[in-house]
Amino acid sequence: MLKAIADVLGKIGSAVATVVTLPFRAVARLFGGASDTAHGHH
């Protein structure tokens with residue numbers, strides 16, 4: 001019982017972590033491209 005609950009919580013935690021980190025990765029990519037463009041690096 002406890003093991004099943006822990007397994008579900010682990011899956012939920014990983015899913016939440018993925019959803020939370022995706023926007024930050026997208027923003028980091030945008031800022032990275034913007035900084036590259038500003039500095040003239042291609």
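Residues satisfying the salt bridge (charged side-chain N to carboxylate O under 4.0 Å, His left out) test with Lys11, not counting sequence neighbours, are Asp7. Remark: Leu30 engages no residue in a side-chain contact (heavy atoms from CB on, under 4.5 Å) (not counting sequence neighbours).
Cluster partners of Leu2, using a side-chain heavy-atom cutoff of under 4.5 Å among ILVMFWY residues and allowing indirect links: none. Clustering of Ile, Leu, Val, Met, Phe, Trp and Tyr by side-chain heavy atoms under 4.5 Å joins Val16 with Val8, Ile12, Val20, Phe24.
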